[in-house]
2 protein chains.
Amino acid sequence: MSVAFAGVGHQTVTWDRPSSDCPVEVALAAISGRWATLVLRDLMHGPRSFSALRAGLPSLSAKVLTERLESLVAQGLVSCSRSPGFPVRTSYELTSAGLLLRPLLVELHRTGEALLGELADD
Amino acid sequence: MSVAFAGVGHQTVTWDRPSSDCPVEVALAAISGRWATLVLRDLMHGPRSFSALRAGLPSLSAKVLTERLESLVAQGLVSCSRSPGFPVRTSYELTSAGLLLRPLLVELHRTGEALLGELADD
DNA sequence: CAGGATCCTAAAAGATACTG
DNA sequence: CAGTATCTTTTAGGATCCTG
């Protein structure tokens, strides 16, 4: 059921709704939600604690950061380890699956620049 | 202000919120919203009328399709031409800017497949 | 330090009916 | 045909205060 965007060829699949088994939806799920790409970008540079992530994104509330991280962990893209003792320290880190997102983020950035350039010509 | 995701190097930019002048946000805006990628995928195959798009995405209401198309047109990614006379016929078509999204859609699909493969290993 | 619990608002999505 | 109008529901995001 591989849908070839590039090869504009014949294809049998006909989605009638965004279905979660579609690869595109899977990838989209990983990067959607406000701040998601920014959090991922931070994690691309290495493991980060909860507060390190907050410090990097000051206008992001604890609640939303928690949501974003929970989502990423649930999708198997990020793992979380917490130090025993007190106060607790956490370390969020990309899993091998999470690392697969790097080319997508790069492409997102590249495409955005291309759009800015193209639309400036008008 | 080019942010290198790939080159994990030094960078001066520090976003404290998703800003619309960030290329990543620009690209994200183009593909966000439910059904957006599906509509774009249809348009990648050539010009489509309003009802042709609806026919391809049966569970998508006229209202939402209208919203999606308005957004794409507003972003300069799609153009719309309407035939004079009655009944009216429309033709939505990707602009040259809109065509720039193709590699991104391909990458989205590719990444999704990679994720499905990687996560299946667990 | 790293969240959880609540409450609130705004925006997005969907259903339905109607118009140029 | 190609939408618009309206209303209701859902969901995301944010603010604030609290806890292990």
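Letters A, B, ... mirror the listed sequences (proteins, then strands); counts begin at 1.
- Separating the CZ atom of A:Arg48 from the P atom of C:dC1 is a distance of 17 Å, rounded to the nearest angstrom.
- Note on B:Arg54: nothing from the nucleic acid sits closer than 4.0 angstrom, heavy atoms only.
- Summarising the geometry, the separation between CG on A:Leu69 and P on C:dG4 is reported as 10 Å, rounded to the nearest angstrom.
- When the side-chain nitrogen and oxygen atoms of B:Tyr92 are compared with OP1 and OP2 of D:dC1, none of them lie within a distance under 4.0 Å.
- Closest heavy-atom contact between A:Gly76 and A:Thr95: O-OG1, 2.7 Å.
- Between A:Val26 and A:Gln75 the shortest heavy-atom distance is O-OE1, 4.4 Å.
- Side-chain contact between A:Val64 and A:Arg34 is absent, with no heavy atoms from C-beta onward closer than 4.5 Å.
- Looking at A:Glu107 and A:Arg110, a side-chain N of the basic residue comes within less than 4.0 Å of a carboxylate O on the acidic one, giving a salt bridge.
- When only modelled atom types and interatomic distance are considered, B:Glu93 and B:Ser81 share no side-chain donor-acceptor pair under 3.5 Å.
- For the pair B:Thr90 and D:dC1, the criterion of a side-chain N or O lying under 4.0 Å from OP1 or OP2 is not met.
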Treat primed atoms plus P, OP1 and OP2 as sugar-phosphate and everything else as base, then score nucleotides 4-20 of chain D 5' to 3': B for base contact with protein heavy atoms under 4.0 Å, S for sugar-phosphate contact only, - for none.
B-B------BBB----B
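- B:Val24 has its side chain out of reach of A:Thr111: every pair of non-hydrogen atoms, C-beta onward, lies at least 4.5 Å apart.
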